[in-house]
Amino acid sequence: MNSILQHDLNNFENILEKTKQQGIDFLNNIENIPTSNTYSIDPKTVLNELGLGSIEALKEFNERLAPLIVSSPGPRYWGFVTGGSTPASIVGDWLASVYDQNTQSVTSQGGNSALIEFETINLLLQLLELPDSFLGGFVTGATMSNFTSLGVARQWFGKQSGKDFAKNGVSEPINILTATPHSSSIKCLSLLGIGSQNYTVVKTIEGNREALDIVDLEEKIKALNGKPFILISSAGTVNTADFDDFEAIATLKEKYNFWWHIDGAFGGFAAVSEKYKHYVKGWEGADSITIDCHKWLNVPYESAFYLIKKEHINLQIETFQNSNAPYLGNALENFNYLNVLPENSRRLRALPVWFSLKAYGKEGFRDLIEDSTALALHFGNALIENDFELLAPIRLNNVCFTLKGKHNQEKVSQFLSVLNDTGKVFMTPTVYQNRKGIRASFVNWRTTEDDVKVVIEEMREVLSKI
């Protein structure tokens, strides 16, 4: 064995102890760590010949690279839709690294850790009150979850005319209908050979809404003259957390032939709360659903899962089956993730989620969802009381707002840049109905009303200076 590796092996406990302490120090001080910084490095360093060993590498990391780290898992990182990591999820994530499984099989020699994934998906179905007619698995994020789901939808579309797109390629235009798709869905259309511009936009409901207009949707369906299509619908749009009418879509599905996909990356967790579950009523009729765990479930990146109806398992295998790893017999009884997902190498991503669900249960996540939405409303009210205005109603956990008055539109970008530079909070810019805006997303388990107070005071201070 290499001498440096041997030394690390002999010193393993000390290495892990130092690493653990560094992690604890970071988490205990996370409220004081900036949410943004301008620190930079020259990444063109020279690889040394002998190696430093873990302890020395940790020292160099702390000197050169650690200053790049921001408090994205902290209570005032409101940009994008970014969760933190609960204690239980970190336990699962650390153990996933230690155990280092390539999670594929449920019934074979060489490891059946996929049974943990099966159990975790079952727990998630219970959390979301979805039927076990869905089969699920873990991927890196919403992009790959959308990709997996829409990949099977593409295969379904081809089969409607007796074609196998997975084997022979896409040989005809695929009809896609959608109203306010997330950019990751559009990226997936490009990756799947459908084309990032080859979709038909459905009108949104009038009255400051991002949800699709059911009447216009049916008109566009009729214009297809009976041709099949794929519908991409939203459970929580990224700007205003708006939801499509799933009950109405389910009714349309009884009349027309289409694959129904729901992007519920964060909004799907509305199902956990009695207050907000009406938003997803009827979503069990979908063919596929995308949900992120590293958002509102507050587990470490990268963690998302897809849900696809079991009745489509053969289409899923036709899409992703390894050519040199054929499945035998019943696809569900002889299951292997190797044949139903893009990745041939898969971390045990289910473990942080399993620990989280077991540790906090339904009530824990119900409290998290409802606390987040309450904080969003609290922040929205504070904005109105100051020199800001909401661009849309607060439906769930996202707050879309801008500076008050048309004359301040030119100051929005400057305001946000200066605000983010303070390192006290991080939010993201957006454009909503042709107006420059700012988006704050409340998903982090650590965030409190005190954080809202800190941010509002900081916003007042920045606004007074520009």
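Positions are given from 1, in the same order as the sequence printed here.
Inspection of the N398 and S441 side chains reveals an N or O donor paired with an N or O acceptor under 3.5 Å. In summary, the side chains of E385 and N381 do not present any donor paired with an acceptor at a separation below 3.5 Å, with no hydrogens or angles considered. When only modelled atom types and interatomic distance are considered, E210 and T237 share a side-chain donor-acceptor pair under 3.5 Å. No hydrogens or angles considered: nothing links the side chains of Y337 and N102 as a donor-acceptor pair under 3.5 Å. One side chain, T290 or S145, offers a donor N or O that lies under 3.5 Å from an acceptor on the other. With hydrogens and angles left out, the side-chain atoms of N239 and T430 include a donor and acceptor closer than 3.5 Å.
In terms of modelled atom types and a separation under 3.5 Å, the side chain of Q104 and the main chain of N344 share a donor-acceptor contact. Put simply, the side chain of D287 never gets that close to the backbone of H261: no donor and acceptor are under 3.5 Å apart. With hydrogens and angles disregarded, no donor-acceptor distance shorter than 3.5 Å links the side chain of T447 to the backbone of V443. Side-chain N or O atoms of D387 include none that pairs as donor or acceptor with a backbone N or O of K404 at under 3.5 Å. Listed for the D292 side chain is no donor-acceptor partner under 3.5 Å among the backbone atoms of K295. No side-chain donor-acceptor contact under 3.5 Å links K362 to the backbone of V272. With T178 contributing its side chain and I232 its backbone, the two residues share a donor-acceptor pair below 3.5 Å. In terms of modelled atom types and a separation under 3.5 Å, the side chain of N112 and the main chain of T107 share a donor-acceptor contact. In terms of modelled atom types and a separation under 3.5 Å, the side chain of N336 and the main chain of L338 share a donor-acceptor contact. Not one N or O on the side chain of E247 forms a donor-acceptor pair closer than 3.5 Å with the backbone of K281.
E389 has a carboxylate O that lies under 4.0 Å from a charged side-chain N of R435, or vice versa, which qualifies the two as a salt bridge. Using a cut-off of 4.0 Å between Lys/Arg side-chain N and Asp/Glu carboxylate O, R349 and E343 are scored as salt-bridged. A salt bridge links K20 with E17: the closest approach of a Lys/Arg side-chain nitrogen to an acidic carboxylate oxygen falls below 4.0 angstrom. Note on D451 versus R446: no salt bridge recorded, every NZ/NE/NH1/NH2 to OD/OE distance being 4.0 Å or above.
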**Request:** May I have the step-by-step check of side-chain hydrogen bond (donor to acceptor under 3.5 Å, both in side chains) for T86 and N298, ending in yes or no?
**Result:** CA-CA 6 Å; T86 58; N298 279 250; over 6 Å; no

When the side chains of residues 128-138 are checked against the rest of the protein, which donor-acceptor pairs come out under 3.5 Å, sequence neighbours left out?
from : atom 1 : to   : atom 2 : distance (Å)
E129 : OE1    : K277 : NZ     : 2.7
E129 : OE2    : K277 : NZ     : 3.3

Side-chain donor/acceptor pairs under 3.5 Å, residues 369-378, sequence neighbours excluded:
from : atom 1 : to   : atom 2 : distance (Å)
E370 : OE2    : S273 : OG     : 2.7
S372 : OG     : W296 : NE1    : 3.1
S372 : OG     : L368 : O      : 2.9
T373 : OG1    : Y276 : OH     : 3.4
T373 : OG1    : I369 : O      : 3.2
T373 : OG1    : E370 : O      : 2.9

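To the nearest 0.5 Å, atoms CG (D213) and CG (D244) are separated by 10.5 Å. Here S303 contributes atom OG and Y301 contributes atom OH; the two are 11.0 Å apart, rounded to the nearest 0.5 Å.
Using a 4.5 Å heavy-atom cutoff, the side chains of I214 and L212 are in contact. Between I116 and T103, the closest side-chain pair of non-hydrogen atoms is not below 4.5 Å.
Pairs engaging residues 84-93 under the salt bridge (charged side-chain N to carboxylate O under 4.0 Å, His left out) rule: D93-R347 [sequence neighbours left out].
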